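Report on the structure given below.
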Amino acid sequence: MLPELHLPELHLIAAARPNLPKLAALLHALAEAPPFCRPVVVHTGQHHDAAMFGGHLADLGLPPPEVSLGISGGGHAGLTGRTMMACAELWSARRPSMVVVAGDVDGTLAATLAARKLAIPVAHLEAGLRCGDLDMPEEINRRAVDAVSTLLWAPDEGTAARLLAEGHAPAAVRTVGNTMIDSLLRTLPAARARPLPDGLRPGGYGVLTLHRPANVDSRKALAGLLEAVEAAARHLPLVWPVHPRSAGRLSEFGLLVPERVMSLPPLGYRDFLGLLARARLVATDSGGVQEEAWALDLPCLTLRPSTERPVTLEAGTNRLVAPGDLAGAVAAVVAGDRPRARPIPLWDGRAGARMVAHLREYLDTSAAEVRA
């Protein structure tokens with residue numbers, strides 16, 4: 001067997017916190033398979049502090065990034081452009097056989113564009129998601145990434161069918177399942193063992209998460225949401241791990257966390273999963289939390305007009321809720337009005353293994369073509 005250092009490199013792009021549990025599923029599956037490539041974690045720097053990035057690595061069983069580009073801060077265009085330049089410089093000197101990107105953050109788009117302009121193949125982990133809202137930065141990113149990616153790993157049959165309808169080659173599209181579920185199932189026993197914050201008991205609280213620009217970047221929208229949260233908390237105490245973006249807007253707008261809402265700093269992966277696993281419900285604008293709620297059979301009230309994860313609506317755990325309807329939705333769940341989670345095919349903890357199989361097929365075929 002060839003020494004690991006002589007295997008072709010596979011660069012996995014970790015830009016922001018949501019990328020980590022997705023990439024973890026692939027990294028763990030690669031570690032369990034016969035070696036055919038050497039995975040290299042490349043941290044762009046979009047999220048870079050312990051609360052939003054570093055503290056999650058150990059929780060997910062991930063090594064420190066081998067390459068750190070240190071690109072953070074600035075608006076969408078500036079961050080994307082500077083990350084593209086840094087990636088292009090890296091790959092001009094150290095060319096991988098393939099780049100794997102995850103999700104839909106700006107670092108994902110930047111790495112994809114840089115790689116493809118250097119004719120490096122790209123695999124998009126979590127391909128095919130669409131919410132239809134082109135005013136959402138993430139929607140622009142995910143469509144652009146899918147348009148030029150070489151391999152497209154879809155979390156469910158509906159997203160795979162969408163990619164095929166958009167004209168992608170059947171050989172490029174693979175329904176692999178949901179990598180978030182792989183990481184959740186691997187981590188859940190340790191997460192349930194974590195202590196809850198003082199004063200909380202299992203089933204006696206709901207979890208709140210907010211960070212989307214449409215919800216927090218204007219004073220009017222955020223103030224309206226806080227009023228809705230205050231009304232909802234009269235039916236069930238809420239716990240809010242406050243995202244740095246939301247914390248900044250609260251300070252900037254001079255707004256206060258409502259009564260009966262316990263605010264917490266950003267939590268590590270295990271602590272947040274442990275909090276979620278013992279909650280009565282979750283109200284969120286996060287895509288990943290919608291998926292985690294399904295795995296936990298936890299009622300999820302999504303504070304957005306649309307979702308790129310409609311399969312969770314069909315599965316029964318998720319519903320879209322306008323801010324003005326939040327209090328009534330919480331009261332209904334507390335009263336016992338909630339459907340049970342229905343199965344979603346391939347959300348079984350084996351997404352990583354399916355990605356590895358598709359990746360190996362592609363790299364073996366490419367190597368054979370080069371030899372020919």
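Bear in mind that the values here come from a model prediction, so they are computed numbers and not experimental data. We're numbering straight along the sequence, starting at 1.
Atom CD of E361 has more than 12 heavy atoms from other residues, nucleotides or ligands within 6.0 Å. Enclosure of atom CZ in R350 is not indicated, since only 12 or fewer non-hydrogen atoms of other residues, nucleotides or ligands lie within 6.0 angstrom. The environment of E32 atom CD is dense: over 12 non-hydrogen atoms of other residues, nucleotides or ligands sit within 6.0 angstrom.
Both L113 and V67 sit in one connected hydrophobic cluster of ILVMFWY residues. Membership requires side-chain heavy atoms under 4.5 Å apart, directly or through other members. Follow the hydrophobic side-chain contacts under 4.5 Å out from Y269 and you reach L12 in the same cluster. Cluster annotation: L163 is not connected to M355 through the hydrophobic network of ILVMFWY side chains, with a link wherever side-chain heavy atoms come within less than 4.5 Å. A continuous path of ILVMFWY side-chain contacts below 4.5 Å connects Y205 to L298, so both sit in one hydrophobic cluster. Hydrophobic clustering (side-chain heavy atoms under 4.5 Å, transitive across Ile, Leu, Val, Met, Phe, Trp, Tyr) keeps V356 apart from M180.
In summary, the side chains of Q46 and T83 do not present any donor paired with an acceptor at a separation below 3.5 Å, with no hydrogens or angles considered. In the model, N141 has a side-chain atom that pairs as donor or acceptor with a side-chain atom of D106 under 3.5 Å.
With hydrogens and angles ignored, the 3.5 Å screen pairs no side-chain donor or acceptor of H124 with any backbone N or O of T150. Put simply, the side chain of E139 gets close to the backbone of G132: a donor and an acceptor are under 3.5 Å apart. A donor-acceptor pair under 3.5 Å links the side-chain atoms of R278 to the main chain of G274, judged by distance alone. Looking only at distances, a side-chain donor or acceptor of D146 sits under 3.5 Å from a matching main-chain atom of G128. Using modelled atom types, one side-chain atom of D182 and one backbone atom of A351 make a donor-acceptor pair closer than 3.5 Å. When atom types are taken as modelled, the side chain of T317 and the backbone of D297 share no donor-acceptor pair closer than 3.5 angstrom. The backbone N or O of A15 lies less than 3.5 Å from a partner atom in the side chain of N19, making a donor-acceptor pair. Not one N or O on the side chain of H168 forms a donor-acceptor pair closer than 3.5 Å with the backbone of L151.
In the hydrophobic clustering (ILVMFWY side chains linked at under 4.5 Å, chained through shared members), V148 stands by itself. Other members of the cluster containing L210 are L208, V216, L222, L225, L226, V229, L236, L238, W240, V242, L250, F253, L255, V257, V261, L281, L301, L303, V321, L326, V330, V333, V334, with ILVMFWY side chains joined at under 4.5 Å, either directly or via other members.
Within the 4.5 Å cutoff, the side chain of N215 has no heavy atoms near those of the S246 side chain. Counting only heavy atoms from C-beta outward, the side chains of R201 and L196 never approach each other to under 4.5 Å. Proximity of L185 to I181: side-chain heavy atoms (C-beta onward) are separated by under 4.5 Å at one or more points. Side-chain contact check for F272 versus T209: some heavy-atom pair is nearer than 4.5 Å. Looking at W153 and R354, their side chains never come closer than 4.5 Å, going by heavy atoms from C-beta outward. For the pair L164 and P170, the minimum side-chain heavy-atom distance is below 4.5 Å. Annotation: side chain of P96 is in contact with side chain of W91 (closest heavy-atom distance under 4.5 Å).
Just one of Q290, E314, E126 meets the side-chain hydrogen bond (donor to acceptor under 3.5 Å, both in side chains) condition when paired with R309; it is E126.
Screening residues 12-40 for ring pair (Phe, Tyr, Trp, His ring centres under 6.0 Å), with sequence neighbours left out, gives no hits.
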Next on the checklist: Set out, in order, the CA-CA distance, both residues' side-chain angles and the distance that settles salt bridge (Lys or Arg N to Asp or Glu O under 4.0 Å) for E166 and R162, then state yes or no.
Outcome noted: CA-CA 6 Å; E166 290 176 357; R162 182 182 298 112; 5.3 Å; no
